[in-house]
Each structure stands twice: as C-alpha cells, then as structure tokens.
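Note that the structure is a prediction, hence the values are computed from the model and not measured.
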Number of protein chains: 2
Amino acid sequence: MNDEIRRSMPLFPIGIVKSLTDLSARQIRYYEEHGLINPARSEGNRRQFSFNDVDRLLEIKSLIEKGVNLAGIKQVLSMKEVPENREVEQSKVEEIHNELSEKELRRMLQQELFNAGRHGKSSLRQGELSRFFH
Amino acid sequence: MNDEIRRSMPLFPIGIVKSLTDLSARQIRYYEEHGLINPARSEGNRRQFSFNDVDRLLEIKSLIEKGVNLAGIKQVLSMKEVPENREVEQSKVEEIHNELSEKELRRMLQQELFNAGRHGKSSLRQGELSRFFH
DNA sequence: CAACGGATGTGAGGAAATATAACATGAAAT
DNA sequence: ATTTCATGTTATATTTCCTCACATCCGTTG
C-alpha cells in the first residue's frame, strides 16, 4: 500500500548512489536529463534518490552493459511500467504531493515509520526502520 | 546473514536523518559525541548513517521523550545488545572491515545487491534493491 | 573517409550541506 | 546559587553537489 510511498521516498544523495550503482555522476545526471529517472530535489536543488530511483539505475546499467542505447532503454523501461492501475497510483501520488507540502509529507512518512517501529518490537536486532523497506 | 551488513551500510547524510527522526543536527552530533551512535564517515569527514543508526536514533528519541537522560539511554541501549553471538557478529564485521578496504566492501555490497536483483524479477513494481532492506 | 550525433569525461565557478568550535541558555540537580 | 546537562545559535572552513561548457571517443551514415 504505502509501499510505493516508502519506495519513492527521497533518501540518498548522488554520492551514495554512485557507489551503489557504480555509475558516474555524469551518467546519472545524463540519464535524468533524458528522462530515464526523475529523482526528487532538495530545497537547495540537490538530487535526492529513492529506492525506486536506484532500482531503475541498476536496471539501466544492466541494459547499458548489454549494449542497449538510451532510446532502447527508454523503450524497455516504459514497457515495464505497470499496465494496470497506473493512473490510479499516479493520481494517488500526485494527490499527496499537491494536498500536502513537502515538509508535511516528509513529516507524515517519518511519523508512519516511527510509529510502526514503536510497537511489537523488543530487540534492536530486529530493527525498526529497515523493516519497512522490503 | 548479510542482513547485518545491509543494515549497517552507510547511506544517509545527516540532513535526511534529521527529517527522518525529527531530531536536530545538534542533537544527533551530541549523541554521537557521547557514544550513543557511531555513524561512518565519508572520505571528506561527513557522517554517513546506516539503517541501524537511524533505528538507534529513533530508539533514543523515544527514550528522550520518556524523560530518560543520556546516561539512562546508554544503559538501555547496552542492554539491548544481543547477549548471544555478540562477539561472533562483531568479529565477523571487523574481519570484513579489516580484510577488505572500504572501497572493496562497498563494491562487494553493490555487487551482491545487483546480482540478487538481477534474476527472478520481471516487474519493476517488485523492485530490486529495496527488497534487500527488510 | 569525413562528418555527425550519442555517451561520457573533465574542469570552472558557484551554491548548498555539513563539519567543528565556541558561546548562550533554560531546566534540573546539587 | 552554582553547576551540569542538553540543546540552540552563530561563525568559519570544507566537502559535496549543481550547472554549464568544452573535449573525447566511437559507431553510424552520407
């Protein structure tokens, strides 16, 4: 449900994404420039990548390594887009983004994560936050 | 298994952690100064927080809100440390950190994430990377 | 072959995020 | 009334990231 929200939560700076994907900053920015990814931005205009973004970049990298060019990748990725409830999800996200300010959204997510982590947990070993990224 | 590795992978800058935990940067740094957390550092000396770190901060925050002071929190947290295979886990992590350079470790993790995400996956919806953070 | 466009590297210049350190402050403890 | 704890605030330095421009390599095409 809010899985999509969690997965699209802006978390990582480009430096981390670089090491996670082994792509250069130049490449990442270039792919964004050509619409393959669409990371969020901080107030100060810095890119903030979500899990979805990183997933997508790994997918892109894999295709690049197979010799697929950007146009081809664009095709492949667009085909992977869920055919069902596409507009539904889309509108849901937009709804949230329009009705709530960025700050409010962030706070909401944080609250959700926090509360969920609060109960039914006895050992730190089990973890709190990370449980909600699966 | 490598769960602990994933959970302790340095990912977030302090700004994100602030919004995730609703703690001030001052607080976060203060808690580190007093040994409650121990985030990794980038080459350029910036703090890099893992899921474990964020979990811990949420735990700390919860205790703070209950009126527990730092000494008390230190106690509580130390008690949560797994009594079993403590040294085992510890030594395992240290082993990795000693035998492999930071860069190699990072690359290894990235590889693992990447490869695991590569197979048995047909829809982007399912996600690749995020599956490995649970 | 020469020219062109796609994909990436590199460097300049500037802005944002973070680091440490020092001092300020309110509340709690002594 | 002091002292200590936990946090805020401000100043200054560094690192990371931004955009933009130009260079380079390479495959495709006229």
Side-chain angles (χ1 to χ4, degrees), chain A residues 9-50 53-54 56-78 102-103 106 110, chain B residues 9-50 53-54 56-77 102-103 106:
Chain A
M9 189 159 64
L11 293 175
F12 314 110
I14 199 171
I16 294 294
V17 176
K18 279 199 323 179
S19 63
L20 242 32
T21 61
D22 220 18
L23 292 167
S24 71
R26 181 69 164 94
Q27 285 178 296
I28 296 171
R29 298 196 186 105
Y30 188 72
Y31 301 153
E32 181 194 33
E33 187 182 339
H34 290 271
L36 299 190
I37 54 172
N38 215 357
R41 296 286 182 130
S42 75
E43 277 190 18
N45 198 37
R46 268 144 146 97
R47 270 165 270 254
Q48 295 178 316
F49 297 81
S50 66
D53 293 325
V54 177
R56 218 171 158 82
L57 283 171
L58 290 173
E59 184 97 19
I60 290 169
K61 194 197 173 193
S62 153
L63 291 168
I64 287 278
E65 284 167 350
K66 287 177 187 156
V68 183
N69 66 9
L70 288 214
I73 294 174
K74 211 173 282 190
Q75 284 300 310
V76 174
L77 290 183
S78 70
E102 264 310 309
K103 272 237 165 71
R106 180 55 69 78
Q110 174 259 317
Chain B
M9 191 158 62
L11 293 174
F12 315 111
I14 199 169
I16 294 293
V17 176
K18 278 199 324 180
S19 63
L20 242 32
T21 61
D22 220 19
L23 293 166
S24 70
R26 181 69 165 92
Q27 286 178 293
I28 297 171
R29 298 195 186 106
Y30 187 71
Y31 300 153
E32 182 196 34
E33 188 183 337
H34 290 272
L36 299 189
I37 54 173
N38 215 356
R41 295 287 182 130
S42 76
E43 277 190 19
N45 199 36
R46 268 145 150 87
R47 270 165 270 253
Q48 294 179 317
F49 297 81
S50 66
D53 292 325
V54 178
R56 218 172 157 81
L57 283 171
L58 290 172
E59 184 96 20
I60 290 168
K61 193 196 174 193
S62 153
L63 291 168
I64 286 279
E65 283 167 350
K66 287 177 188 157
V68 182
N69 66 9
L70 289 214
I73 294 175
K74 211 173 282 191
Q75 283 301 309
V76 174
L77 290 183
E102 264 312 308
K103 272 237 164 70
R106 181 56 68 78

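- The structure places CZ of F49(A) at 11.5 Å from CD1 of I16(A), a figure rounded to the nearest 0.5 Å.
- For DNA chain D, the outermost nucleotides in 5' to 3' order that have an atom under 4.0 Å from a heavy atom of chain B are dC5(D) to dT16(D).
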Per-nucleotide protein contact string for nucleotides 6-21 of chain C (B base, S sugar-phosphate only, - none; heavy atom under 4.0 Å): SBBBB-----BBBSB-
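- For the pair R56(B)/L77(B), a side-chain contact is recorded, criterion being any heavy-atom separation below 4.5 Å from C-beta on.
- Between L36(B) atom CG and Y30(B) atom OH the span is 9.5 Å, to the nearest 0.5 Å.
- Looking at every heavy atom in both residues, I73(A) comes nearest to V68(A) through N-CG1, 3.5 Å.
- When side chains are defined from C-beta on, T21(B) counts as touching V54(B), because their heavy atoms get closer than 4.5 Å.
- Residues passing the side-chain contact (heavy atoms from CB on, under 4.5 Å) test with E32(A) are I37(A), P39(A), R41(A), R47(A), sequence neighbours excluded.
- A 4.5 Å side-chain heavy-atom check between Q27(B) and S24(B) finds at least one atom pair inside the cut-off.
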